[in-house]
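Single-structure report; data block below.
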Amino acid sequence: MWNKPWTLKEGFLIGGGLIVAGLMLELSVGPVVWDAFAWPANGIVLAGFVLIIITLHLLRKKVYAFRFLSTYQAAIPVMCYAVALTIVMGLTRQTVNGQGINNMLTFWPFVLTYVYMAMIVGLVVLKTSLRINSPSRIVAGLFHLGLFITMTTATLGNADMQRMKMITAIGEPEWRALDQQSRVKEMPLAIELKKFIMETYDDGSPKRFASEIQILTKTGKNIEATVDVNKPVEVDGWKIYQYGYDTSMGARSNTSILELVSDPWLPYVYTGIYMMLAGGVMMFISGVRRKEEKV
């Protein structure tokens, strides 16, 4: 073991070592505090991460370990660890204030595994970009670049995402909302409930509930809109969702609970996803063409 060339065994040992290191960090310093990575910290971290990847790529001929990171022997083990941790995440209850496996997004082994995987993907992107001598390599480069953008922006952008709850009442414009830790915060927009709408089935259970609202922003906008379940209204980077109402009053409710979500990094995440989809479609088309040519 550890004789060159390294194999999957070394790859699994490196990935396992990261998980052990993550457990030690979890026990010593506690979970990852994503609030510390809010802008501009996450932008600086992203720039530093890209610089590290470029440095590893430039030194790959001098340091074998760096060259190993762009091979499938390194990629397959970390993907196995990532899948296993993701399955654990799906099988356990995830809560905002949870710790360990009950809040995997702040669980050090999970975070380090995905950082390591993103680093490998970034190195593959650089390795592929130097060998764009065929359509298949261009497609592979597009797919891996999209994956890298998605992984990094979705992770670091999480620090800037805000999810608020606002209780609105008829005739009372509301500027305040509660964050996920139940802290009161003043919002850059005010919402006044004009009318609560509820439609029910024959047995009285809710069929549809929505809110007619008026939105006032600090930039001077005055917008009237209807917020329905799964049909949000978007204003100044905020998506406003219908969340709840006064269940004791039912259709006569004079209050409506709205959820306000801001995710400024989401367009970059979508960009990465679209690049991955484009790469996947192009891979499929090129594969079909190669089969046709053989026939």
Side-chain angles (χ1 to χ4, degrees), residues 34 37-54 57 69-70 72 74-76 78-80 82-83 85-87 89-90 94 104-105 110-111 113-163 228-241 259-292:
W34 285 112
F37 292 91
W39 182 263
N42 46 16
I44 296 172
V45 169
L46 179 57
F49 186 56
V50 172
L51 183 60
I52 290 172
I53 292 174
I54 293 174
H57 177 73
L69 293 178
S70 61
Y72 77 88
I76 290 177
V78 72
M79 288 176 62
C80 292
V83 169
L85 289 169
T86 303
I87 291 174
M89 180 180 181
Q94 301 296 301
M104 292 291 279
L105 294 179
F110 183 84
V111 173
T113 297
Y114 272 83
V115 168
Y116 179 48
M117 186 163 65
M119 180 179 291
I120 290 176
V121 173
L123 288 168
V124 171
V125 170
L126 291 178
K127 182 179 178 181
T128 306
S129 65
L130 296 177
R131 299 180 181 179
I132 300 179
N133 51 14
S134 67
S136 61
R137 290 192 179 277
I138 295 175
V139 170
L142 179 65
F143 179 85
H144 285 100
L145 179 58
L147 178 58
F148 179 77
I149 292 173
T150 301
M151 292 182 68
T152 53
T153 56
T155 303
L156 291 172
N158 184 62
D160 290 328
M161 188 179 74
Q162 299 182 68
R163 191 179 296 272
D228 215 321
V229 176
N230 297 325
K231 293 181 180 179
V233 174
E234 187 167 0
V235 179
D236 291 350
W238 288 90
K239 285 188 176 181
I240 304 171
Y241 294 85
E259 183 176 53
L260 288 74
V261 179
S262 173
D263 192 352
W265 288 65
L266 192 59
Y268 303 107
V269 177
Y270 282 148
T271 298
I273 292 173
Y274 292 147
M275 291 173 68
M276 290 171 58
L277 290 175
V281 171
M282 292 169 68
M283 285 181 187
F284 175 77
I285 294 173
S286 62
V288 171
R289 287 179 177 175
R290 283 197 295 269
K291 287 184 178 180
E292 291 176 348

Judged by modelled atom types alone, do Thr152 and Tyr114 share a side-chain donor-acceptor pair under 3.5 Å? no
To the nearest 0.5 Å, atom CZ of Phe143 lies from atom OG1 of Thr128 at 11.5 Å
Go through the steps for Phe110 and Thr86 under the test side-chain contact (heavy atoms from CB on, under 4.5 Å), then give the verdict. CA-CA 8 Å; Phe110 183 84; Thr86 303; 4.1 Å; yes
Is there a side-chain contact between Ile240 and Glu234, using heavy atoms and a 4.5 Å cut-off? no
Is Phe49 atom CZ crowded by more than 12 heavy atoms from other residues, nucleotides or ligands, each under 6.0 Å away? yes
For the CH2 atom of Trp265 and the CG atom of Asn158, what is their distance to the nearest 0.5 Å? 11.0 Å
How far apart are the closest heavy atoms of Trp39 and Asp160, and which atoms are they? N-OD1, 2.9 Å
Of the options Val261, Val229, Asn230, Asp228, which is the one that meets Tyr241 in a side chain to side chain contact (heavy atoms under 4.5 Å, CB included)? Val261
What pair of heavy atoms forms the shortest contact from Pro232 to Lys239, and how long is it? CB-CB, 4.5 Å
Please round to the nearest 0.5 Å and tell me the distance separating atom CH2 of Trp34 and atom CG of Leu105. 8.0 Å
Indicate the atoms forming the closest heavy-atom contact of Ala82 with Met117, along with that distance. CB-CE, 4.0 Å
Side chains of Met104 and Leu85, heavy atoms from C-beta outward: is any pair under 4.5 Å? yes
For the pair Thr150 (side chain) and Ile273 (backbone), establish whether a donor and an acceptor sit closer than 3.5 Å, ignoring hydrogens and angles. yes
Using 0.5 Å steps for rounding, measure from the CG atom of Leu123 to the CD1 atom of Ile53. 6.0 Å
Just checking Met79: does its CE atom have more than 12 heavy atoms from other residues, nucleotides or ligands closer to it than 6.0 angstrom? no
Find the distance between CD1 (Ile120) and NE2 (His144) and round it off to the nearest 0.5 Å. 10.5 Å
Could you pull out the closest heavy-atom pair between Val78 and Ala75, with the gap in Å? CG1-O, 3.1 Å
Could you tell me whether a side-chain N or O of Asn42 sits under 3.5 Å from a main-chain N or O of Leu156, the two making a donor and an acceptor? yes
So how far is it from Trp238 CH2 to Glu259 CD, rounded to the nearest 0.5 Å? 10.5 Å
